[in-house]
Amino acid sequence: MAAGKTDHDLRGDYSAMREDYTIDQNWSAYTDQDHDLWRRLYARQIDLIERYACQDYIDAVHAIDMGGRIPRFDAASEWLEAQTGWRIVAVPGLIPEDVFFNHLANRRFPVTDWIRKPEEMDYLVEPDVFHDFFGHVPMLANPAFADFMARYGECGRQAIRDDTVQHLARLYWYTAEFGLVRQGNTKTADRGLKIFGAGILSSSTETLYAIDDARPNRVGFDADRIMRTDYRLDDLQASYFVVEDFADLFHALDGDIHARLRAAKAACAGGGDIPADAVLDSDRVYHHGRLAMTAAAE
Ligand code: HBI
Ligand code: FE
């Protein structure tokens with residue numbers, strides 16, 4: 001989103017930040033209530049994670065040891081840097097897209113410093129420290145995923161010039177935020193689908209829904225298709241996309257990415273976007289969701 005336009009609506013404290021929107025985490029300012037809320041959010045997710053998350057995520061979440069209190073970004077950064085060269089920087093919340101892209105391109109992941117209110121256990125609009133840290137940071141320890149995220153940041157700068165950010169951002173949405181990977185036993189009811197997207201992993205409702213619920217579609221990852229596909233901002237997703245391997249992600253941003261983004265923009269001009277709940281003939285279907293079935297019957 002264009003944070004610059006809506007700074008007055010954003011919740012964080014943007015008054016003391018540096019030019020690149022980073023701040024100091026000021027860990028000692030968190031209250032006991034803040035840490036307690038983190039512990040409750042963590043406890044609720046961690047049991048689900050063992051069943052529903054991909055192995056790479058599970059290994060990293062345990063390696064970081066973040067269950068007891070809100071993590072110190074500096075300590076986690078040192079560990080992460082040794083794995084993949086990524087570091088964590090604290091930010092007051094959403095930041096302008098050009099600044100966001102620039103951090104990613106330099107292997108710095110911006111993590112919001114504040115935590116939600118107790119009455120927001122289940123839902124909040126803007127990302128907080130639980131979403132950003134618990135959801136995003138562990139996957140950055142995976143080398144292939146880490147390379148994809150840095151490449152996404154690099155691509156962003158050209159996409160701004162081409163006015164194709166909307167289409168590039170859909171790729172991030174359906175992978176870094178809501179991606180699935182085929183990794184488990186493929187003969188089980190869930191077809192071996194596991195979660196790696198942070199938007200799912202930081203939400204207990206969506207963790208269950210993304211894998212077990214009959215309503216959403218689950219189809220094979222196809223970057224050019226995703227660039228043309230709408231998404232739901234404030235609701236459970238209608239479709240999830242499944243990668244076979246995290247290397248698929250990096251390859252999706254290879255060579256001619258900017259020509260493909262411009263083609264997606266042209267295809268979507270005048271409302272030609274693929275609806276969020278659509279299943280196409282060309283899709284590799286793991287599960288044809290009830291949402292799409294109802295829509296087709298109408
Ligand atoms: N800022 N802190 C933060 N986190 C995000 O995920 C984020 C952002 N600014 C812009 C943005 N995402 C998206 O607009 C880009 O991915 C396109
Ligand atoms: Fe996120």
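Just so it is clear, the model here is predicted, and its values are computed rather than measured. As the structure lists them, so they are numbered: ligands from 1, and atoms in each ligand from 1.
His251 places a side-chain N or O within 3.5 Å of a backbone atom of Ala247 that can act as its donor or acceptor partner. The closest donor-acceptor contact from the side chain of Trp38 to the backbone of Met66 lies under 3.5 Å.
Residue-ligand proximity, Ile95 to ligand 1, at heavy-atom distances under 4.0 Å covers atoms 1 (N), 2 (N), 3 (C), 8 (C), 9 (N), 10 (C). For ligand 1, the atoms sitting less than 4.0 Å from at least one non-hydrogen atom of Phe101 are 17 (C), numbered in the order shown with element in parentheses.
Summarising the contacts of atom 16 (O) of ligand 1 with Tyr152, Phe109, Tyr172, Trp173, the nearest heavy atom is found in Tyr152. Closest heavy-atom approach to atom 3 (C) of ligand 1 among the candidates Val111, Val89, Leu94: Leu94.
Side-chain contact, His136 with Glu177: a donor N or O sits under 3.5 Å from an acceptor N or O.
Here Asp132 does not reach the Fe ion (ligand 2): none of its N/O/S atoms is less than 2.8 Å from the metal.
Between Asp122 and Arg44, at least one side-chain N (NZ, or NE/NH1/NH2) sits under 4.0 Å from a carboxylate O, which counts as a salt bridge.
At least one heavy atom of Gly93 sits less than 4.0 Å from an atom of ligand 1.
Looking at residues two or more places apart in sequence or on another chain, you find a side chain to side chain contact (heavy atoms under 4.5 Å, CB included) between Arg51 and Asp212.
A ring pair (Phe, Tyr, Trp, His ring centres under 6.0 Å) check over residues 214-233, counting only residues at least two apart or in different chains, returns the pairs Trp173-Tyr231.
The OE2 atom of Glu177 and the NE2 atom of His131 subtend an angle of 140° at the Fe ion (ligand 2), given to the nearest 10 degrees.
Distances between N or O atoms of Pro127 and those of ligand 1 include no value under 3.5 Å.
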